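Inspection log for the structure reproduced underneath, given as structure tokens.
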Protein chains: 2
Amino acid sequence: MRRDVTLREVAQLAGVSSRTVSNVVNGYANVTEPTRARVMRAVEQLGYRPNVLARNLAQGRSGQIAVVVPYLDTPYFSELLQGIIRAARMQGYNVLIDQTDGDPDHERMLISHGRSRLLFDGVIFSPLGLDQQALADHDPSLPLVILGERVSQGTFDHIGIDDVAASRQATEHLLDLGRRRLAAIGDQPYPTGEAAQLRTRGFCEAHERRGVTVHEELVIATPRFNRVDGAGAMRHLLDLPDPPDAVFCYSDLVALGAMHVLAARGLRVPEDVAVIGYDDIEDGAYSNPPVSTISPDKEMIATTAVERVLLRIASRTPLPGRELRAPHRLVVRESTVGRGAASRAG
Amino acid sequence: MRRDVTLREVAQLAGVSSRTVSNVVNGYANVTEPTRARVMRAVEQLGYRPNVLARNLAQGRSGQIAVVVPYLDTPYFSELLQGIIRAARMQGYNVLIDQTDGDPDHERMLISHGRSRLLFDGVIFSPLGLDQQALADHDPSLPLVILGERVSQGTFDHIGIDDVAASRQATEHLLDLGRRRLAAIGDQPYPTGEAAQLRTRGFCEAHERRGVTVHEELVIATPRFNRVDGAGAMRHLLDLPDPPDAVFCYSDLVALGAMHVLAARGLRVPEDVAVIGYDDIEDGAYSNPPVSTISPDKEMIATTAVERVLLRIASRTPLPGRELRAPHRLVVRESTVGRGAASRAG
DNA sequence: TTGAAAGCGCTAACAA
DNA sequence: TTGTTAGCGCTTTCAA
């Protein structure tokens with residue numbers, strides 16, 4: 001390892017103390033212009049670059065936030081991640097990525113007291129395997145922002161869209177098109193499936209509001225929100241004696257998987273079966289047909305998450321947990337209204 | 001910030017020196033069993049967790065590798081990233097993500113002398129904005145592994161598939177189906193477009209081998225390999241007086257964009273136009289119709305990249321640059337052979 | 001405004 | 001096998 005230029009060497013060359021160099025480099029305090037110039041010259045001459053590690057050790061922080069997601073190759077997360085990285089970088093923070101595969105032990109570890117210290121100053125976390133209680137057990141000294149649907153117990157922030165309202169809106173869209181046998185793919189009737197349950201609730205509420213009966217047997221549970229599960233559920237639905245004429249999918253990936261099966265069976269979307277998704281990932285806009293969906297404001301979710309976690313990091317005293325809502329909108333495409341009729345709605 | 005338990009405190013409680021605790025914690029050297037047990041007990045009792053930052057500073061390394069990609073929401077990269085993160089973690093390394101948007105200055109900065117020191121020990125880099133020469137100018141003391149098509153100048157490793165052979169294979173597949181007016185979407189006839197140019201070369205070689213003339217006007221250049229560019233190029237091709245009967249797309253995203261336009265124009269895939277992509281992203285397998293593609297061995301690329309960068313980090317002396325080839329295979333799906341006939345080929 | 005010096009918590013060379 | 005101790009490079013308190 002090549003010996004690096006240190007602060008001390010710069011100080012020596014400039015004929016000042018290392019304290020002064022530190023001040024100059026960080027733009028701190030009051031340094032007279034001539035001193036500043038002298039130091040800067042020495043910095044240039046030696047090609048000095050601050051050692052981030054040393055700085056962080058001295059400051060007791062790592063300058064990094066961790067972003068923890070279950071799966072990186074889920075388009076929704078990678079799209080979100082882009083915004084998070086951008087926002088964090090703007091504040092001088094680096095982003096460490098972790099992928100848990102939904103493993104509860106791994107997830108627990110990351111937010112527990114037992115995690116390795118100073119690797120990251122805060123966490124933006126999209127939990128999959130942890131339920132309410134496990135989340136509440138997190139190290140209270142760790143600034144934590146949760147994405148998706150987990151109600152805060154007051155020790156961390158939570159940001160997400162209004163899942164019930166959004167799902168209601170998607171379902172009402174299908175009902176308003178005259179569909180009456182609606183299926184829902186993605187329910188998760190167990191403690192870690194909160195997000196899914198909220199969507200199911202919205203699904204039911206829409207039926208109530210329109211005075212239509214929910215067909216319970218058409219509400220299909222799936223362990224994940226991916227294409228494979230969507231395809232499997234769709235196959236099951238089509239094998240039913242009385243299959244649905246519309247499907248509300250709890251993610252766009254599920255919708256794409258479902259549409260894949262519909263195409264394979266020779267059924268037309270939306271003529272035979274209308275399909276609506278959730279997340280507004282780019283794939284959905286380019287699928288055949290393009291898929292209607294609920295579009296959460298990802299840019300806002302990303303920037304707000306970063307903003308909040310940095311706020312918590314900066315705060316000396318633990319901040320009370322906050323519930324933050326990002327806006328969403330219904331995006332109508334061909335998978336529900338057919339060619340030519342597709343447009344956008346609020 | 002809560003005062004943390006330090007090595008020294010553990011040493012005190014255990015009645016040994018900090019040196020010994022360090023040895024125990026890191027599993028170094030020879031420590032007698034009773035001593036070890038005593039130390040471990042103290043560790044447990046105090047809830048001691050090593051401070052990664054301090055360790056790294058003392059060791060002069062950061063324990064992190066940076067993975068630099070142009071765009072995170074490109075499925076190919078997020079799929080690759082999964083493997084990289086997994087492999088790195090297995091070796092005790094964390095992964096720092098950076099996204100350059102293809103900005104040459106940003107890219108240059110990351111591998112130059114001027115980068116911030118010790119933030120990462122090595123880089124796995126997929127350059128977009130930098131040409132051969134700019135890459136050659138990287139800080140030679142920085143362990144560097146390049147993904148994609150950039151020939152190493154001997155100071156870094158490069159790993160990728162054989163683009164020419166793969167493209168030839170894809171093109172031959174189209175020709176062997178009897179198609180004769182083949183288009184290619186994704187050429188990039190400028191210094192940073194090496195990968196694209198190699199694919200164009202394979203495209204031409206296939207024509208030669210089969211004794212078919214290349215239709216130059218059907219080779220379309222695009223700045224990026226995404227859906228939008230694929231859609232735009234396809235529109236252009238369809239507006240030609242004599243449109244193609246098959247399209248070789250330089251990425252699956254391009255293929256999906258192209259197929260989107262074909263569907264919108266009421267053309268059938270593959271009956272009217274056969275389409276083949278490149279990368280084998282998951283979307284391609286679930287599109288309608290599923291898209292034939294060149295499938296690089298992503299898992300192997302990921303693990304090899306990590307392996308090589310760690311090797312370079314570990315080596316005291318700079319290792320000579322190596323060219324590494326990952327295997328690929330042709331995956332035949334409905335977008336070229338139609339329903340029912342799709343299968344896999346080596 | 002600037003200097004001297006004590007840490008930040010850990011590793012590792014040197015000694016015992 | 002274990003202890004002593006001098007760094008790693010920077011920040012920051014205290015004093016001047």
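Numbered from 1 within each chain, the chains take letters A, B, ... in sequence-line order. Values in this document were obtained by computation on a predicted structure and should not be read as measured data.
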message = Is it the case that the side chain of A/D121 and the backbone of A/G63 share a donor-acceptor pair, with hydrogens and angles ignored and the cut-off at 3.5 Å?
response = yes
request  = Could you check which of D/dC10, D/dC8, C/dC10 has an atom nearest any side-chain atom of B/L7?
outcome  = C/dC10
task = Send over the distance from B/L119 CG to D/dC10 C1', rounded to a whole Å.
result = 15 Å
inquiry  = Under 4.0 Å, counting only non-hydrogen atoms across every strand here, what does A/T35 touch: a base, just sugar-phosphate, or nothing?
reply    = sugar-phosphate
request  = Give the rounded distance in Å between these two atoms: CG of B/L57 and P of C/dA12.
outcome  = 12 Å
ask   = So does A/D137 pair up with A/R108, basic N to acidic O under 4.0 Å?
value = no
note = Rounded to whole Å, CG of A/L118 lies from P of C/dG9 at a distance of 8 Å
message = What's the angle between the local helix axes at either end of the helix from C/dT1-D/dA16 to C/dA16-D/dT1, using five pairs per end and rounding to 10 degrees?
response = 30°
ask   = Would one find a side-chain N or O of B/T6 under 4.0 angstrom from OP1 or OP2 of C/dG9?
value = no
query = Listed by chain and number, what are the side chain to side chain donor-acceptor pair (under 3.5 Å) partners of A/Q82, not counting sequence neighbours?
reply = B/D73
Donor/acceptor link under 3.5 angstrom from B/R61 side chain onto base of C/dT11 = no
message = Is B/T20 close enough to D/dG3 that one of its side-chain N or O atoms is under 4.0 Å from OP1 or OP2 there?
response = yes
inquiry  = Taking 4.0 Å as the cut-off, does a side-chain nitrogen or oxygen of A/N26 come that near to OP1 or OP2 on D/dT11?
reply    = yes
message = By the 4.0 Å heavy-atom rule, please label B/N56 as base, sugar-phosphate, or nothing.
response = nothing
inquiry  = For B/F156, does the six-membered ring have the charged nitrogen or CZ of B/R322 within the cation-pi criterion, i.e. under 6.0 angstrom from the centroid and within 45° of the normal?
reply    = no
query = Nearest-Å distance, CZ (B/R55) to P (C/dG9)?
reply = 14 Å
key: Rounded distance [0.5 Å steps], OH in B/Y71 versus OG in B/S126   = 10.5 Å
query = Base, sugar-phosphate, or nothing for A/S22, non-hydrogen atoms under 4.0 angstrom?
reply = base
query = If you check the B/V16 side chain, which of C/dA4, D/dG3, D/dG9 turns out closest?
reply = D/dG3
request  = Measure from CG on B/N23 to P on C/dG9 and round the result to the nearest Å.
outcome  = 20 Å
query = Just how far is it from atom CZ of B/R86 to atom CG of A/L72, taken to the nearest 0.5 Å?
reply = 9.5 Å
request  = Kindly write out the residues that satisfy side chain to side chain contact (heavy atoms under 4.5 Å, CB included) with A/L46, not counting sequence neighbours, or none if the list is empty.
outcome  = A/V5, A/E9, A/V10, A/L13
message = Please confirm whether the shortest side-chain N or O distance from A/R19 to OP1 or OP2 of C/dT2 is below 4.0 Å.
response = no
inquiry  = Measuring from atom CD of B/E194 to atom CD of B/Q132, what distance do you get when rounded to the nearest 0.5 angstrom?
reply    = 4.5 Å
request  = Tell me which of B/R38 and B/A58 sits closer to the 5' end of DNA chain D, going by the nucleotide each one is nearest to.
outcome  = B/R38
Spacing between A/R8 atom CZ and D/dT11 atom C1', to the nearest angstrom = 13 Å
query = For B/R117 and D/dC8, what is the distance between atoms CZ and P respectively, to the nearest whole Å?
reply = 12 Å
